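Report on the structure given below.
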Amino acid sequence: MAAPAWRKLFTRRMSSSFFDPPPPVRSRRVVVTGLGMVTPLGCGVETTWKRLIEGDCGIRALTPQDLKMNGFDTETQSYTYDQLTSKVAAIVPCGTNPGEFNEDLWFSSKEHRSMARFIGYALCAAEEALKDANWMPTEPDQKERTGVSVGGGTGSISDILDAAQLICEKRLRRLSPFFIPRILINMASGHISMKYGFQGPNHAAVTACATGAHSLGDATRMIQFGDSDVMVAGGTESSIDALSIAGFCRSRALTTKYNSSPQESSRPFDCGRDGFVIGEGSGILVLEELEHAKNRGAKIYAEIRGYGMSGRDAHHITQPHADGRGAILAMTSAFKQSGIHPKQVDYVNAHATSTPLGDAIEANAIKHIFSDHATSGALALSSTKGAIGHLLGAAGAVEAIFSVLAIHHGIAPLTLNLSKPDPVFNDAFMPLTASKEMPIRAALSNSFGFGGTNASLLFTSAP
């Protein structure tokens with residue numbers, strides 16, 4: 001009996017390929033059209049940038065009130081504060097004056113009960129970035145083509161501490177119904193998308209101190225691949241609390257030598273460095289497909305030309321490999337996809353956190369990548385963590401904004417507290433100790449995180 005015609009057709013297709021190949025993907029160019037940030041130097045891009053290039057510092061002494069232990073008795077609060085070996089922090093200035101973060105705008109109303117501080121910082125920075133980009137879409141198709149990619153490092157540890165206290169006191173029925181929405185890291189991205197009605201990709205990276213950079217890089221890929229035309233992207237963090245600081249103290253990651261002189265405590269690349277200063281804040285960028293931005297007449301700050309990622313060869317959860325291979329791989333990957341040669345880069349914003357091991361390893365990796373371009377003195381290099389501390393999950397995004405602003409304004413920001421440079425440096429290869437006016441056509445921003453995760457972002461001047 002002859003087989004049915006459909007079976008013959010099916011058999012013939014199965015013998016070769018049932019499906020045609022997927023359509024080719026045309027990579028699209030991605031530009032930066034909006035900036036927003038909340039940092040220890042102030043609330044807003046203009047305030048932060050002005051203070052940064054002028055050499056101001058956003059680090060101050062930690063107080064017991066900063067630990068967010070209101071649910072505990074005074075004796076426990078005092079004991080906890082006394083036990084902390086690091087008593088400096090880079091804290092966002094709050095208040096109603098210009099350049100301060102106004103808590104009443106973000107945390108006082110009923111609808112804000114589900115928002116922890118890290119979410120509020122992200123919302124504030126996102127609003128500034130969207131206004132700067134002049135992108136407030138109202139049409140359904142525009143909202144469907146706009147997405148959000150905002151990650152964080154730790155979420156709201158202070159809320160977890162308060163919840164644990166309720167268990168200890170057998171008062172679990174008093175736990176807020178908003179506890180889970182307050183601690184979930186993706187809720188920063190979620191709240192931004194809900195506030196503005198964005199229906200494109202809704203994404204949150206969690207890669208420790210590389211989070212902000214990965215969020216930007218992932219958002220860039222989403223635009224390049226055609227998942228969206230516009231992405232609101234960056235990182236946010238609020239870890240100035242008892243448990244977070246205690247945890248980093250126990251891991252011996254934080255500085256302890258400069259408790260009496262807070263503004264000297266974050267010392268990237270300096271021989272006197274002994275650990276990083278914990279910080280908080282948020283950096284948000286509006287990323288946009290180039291033709292989309294041009295068609296609507298958007299202001300373009302810079303173009304994202306490269307995004308490199310790597311691991312540290314499973315070396316150690318906190319320490320990079322001594323030869324800097326993870327950093328080298330990330331930077332190499334960023335250059336490979338960019339079409340840019342290292343000699344064309346004018347400025348590098350280093351990850352350098354002020355730790356004895358990490359700073360020297362990154363400096364050697366930069367020297368390896370840039371070779372005689374670095375050792376000739378033609379490459380401007382700095383770590384802005386001397387001014388703002390280490391913003392953990394927000395660091396990569398805030399420092400990406402600094403790199404973009406360096407290109408936009410033609411100013412490379414300085415490294416604070418560099419009085420005795422690490423021996424890895426020489427006369428020509430040296431981090432900036434004063435902000436430098438210079439043409440900057442390309443800038444590289446590095447971010448490396450616990451767990452061996454690395455990211456490099458390469459920006460060029462506007463097309």
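These values consider heavy atoms only, across backbone and side chains, with no hydrogens, waters or symmetry-generated copies. Quantities reported herein were computed from a predicted structural model and do not represent experimental measurements.
Remark: K299 engages D132 in a salt bridge, criterion side-chain N to carboxylate O under 4.0 Å. Salt bridge R267/D274: absent, no basic N to carboxylate O contact under 4.0 Å. Using a cut-off of 4.0 Å between Lys/Arg side-chain N and Asp/Glu carboxylate O, R182 and D159 are scored as salt-bridged. Here D422 pairs with R273 in a salt bridge; the nearest charged N to carboxylate O distance falls below 4.0 Å. Using a cut-off of 4.0 Å between Lys/Arg side-chain N and Asp/Glu carboxylate O, E127 and K195 are scored as salt-bridged.
Looking at S382 and Y347, their side chains come closer than 4.5 Å, going by heavy atoms from C-beta outward. Residues V424 and D359 are not in side-chain contact: their nearest non-hydrogen atoms beyond the backbone lie 4.5 Å or more apart.
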**Item:** Worked verdict on Q344 versus H373 for side chain to side chain contact (heavy atoms under 4.5 Å, CB included)
**Value:** CA-CA 9 Å; Q344 294 176 283; H373 182 53; over 6 Å; no
**Item:** Working for salt bridge (Lys or Arg N to Asp or Glu O under 4.0 Å), residues D162 and K68
**Value:** CA-CA 9 Å; D162 289 341; K68 303 180 181 68; over 6 Å; no
**Request:** Output, in order, the C-alpha distance, side-chain angles, deciding distance and verdict of side chain to side chain contact (heavy atoms under 4.5 Å, CB included) for Y307 and H214.
**Result:** CA-CA 9 Å; Y307 169 40; H214 278 135; 3.1 Å; yes
**Item:** I157 vs I160, side chain to side chain contact (heavy atoms under 4.5 Å, CB included): CA-CA, chis, key distance, verdict
**Value:** CA-CA 5 Å; I157 299 294; I160 296 173; 4.2 Å; yes
**Request:** Would you sort out whether T433 and L414 count as a side chain to side chain contact (heavy atoms under 4.5 Å, CB included), showing the intermediate values?
**Result:** CA-CA 5 Å; T433 56; L414 75 166; 5.9 Å; no
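F269 meets the ring pair (Phe, Tyr, Trp, His ring centres under 6.0 Å) test with F425; sequence neighbours excluded.
In this structure, the separation between CG on D104 and OG1 on T96 is 8.0 Å, given to the nearest 0.5 Å. Taking CD1 of I304 as the start and CD of Q337 as the end, the distance is 10.5 Å to the nearest 0.5 Å.
N349 and S445 are not linked by any side-chain donor-acceptor pair at a separation below 3.5 angstrom, with hydrogens and angles left out of the test. Side chains of S189 and N186: a donor-acceptor N/O pair is absent below 3.5 angstrom, by distance only. No side-chain donor-acceptor contact under 3.5 Å links D66 and Y81. Residues T255 and S265 bring no donor and acceptor atom of their side chains to less than 3.5 Å of each other. Using a 3.5 Å distance cut-off with no hydrogens or angles, the side chains of T207 and T453 do not pair a donor with an acceptor.
Aromatic ring centroids of F276 and F248 lie under 6.0 Å apart. Less than 6.0 angstrom separates the ring centroid of F370 from the ring centroid of F335. In this structure, H351 has its ring center closer than 6.0 angstrom to the ring center of H390.
In this structure, N454 contributes its side chain and F448 its backbone to no donor-acceptor pair below 3.5 Å. Under a 3.5 Å cut-off, the side chain of S383 and the backbone N or O of P268 do not form any donor-acceptor pair. A donor-acceptor contact shorter than 3.5 Å links the side chain of T48 to the backbone of G42. Side chain of T220 to main chain of L216: a donor-acceptor pair is present (N/O by atom type, distance under 3.5 Å, no hydrogens or angles). A donor-acceptor pair under 3.5 Å links the side-chain atoms of S149 to the main chain of S215, judged by distance alone. Within the 3.5 Å criterion, the main-chain N or O of S86 finds no donor-acceptor partner in the side chain of T256. A donor-acceptor contact shorter than 3.5 Å links the side chain of T80 to the backbone of T76. Looking only at distances, no side-chain donor or acceptor of Q224 sits under 3.5 Å from a matching main-chain atom of V30. When atom types are taken as modelled, the side chain of S310 and the backbone of G326 share a donor-acceptor pair closer than 3.5 angstrom.
The shortest heavy-atom contact between L444 and S456 is CD1-CB, 4.2 Å. Across every non-hydrogen atom of A327 and A365, the tightest pair is CB-CB, 3.8 Å. The two residues L285 and A397 make their nearest non-hydrogen contact at CD1-O, 4.0 Å. When all heavy atoms are compared, the tightest approach of C249 to L254 is SG-CD1, 3.9 Å.
Evaluation of the side chain to side chain donor-acceptor pair (under 3.5 Å) test over residues 49-59, restricted to residues two or more places apart or in two chains, returns K50-E54, R51-D56.
In H112, the NE2 atom is crowded: over 12 heavy atoms of neighbouring residues, nucleotides or ligands sit closer than 6.0 Å. The environment of N97 atom CG is dense: over 12 non-hydrogen atoms of other residues, nucleotides or ligands sit within 6.0 angstrom. Enclosure of atom CG in N102 by more than 12 non-hydrogen atoms of other residues, nucleotides or ligands within 6.0 angstrom is indicated.
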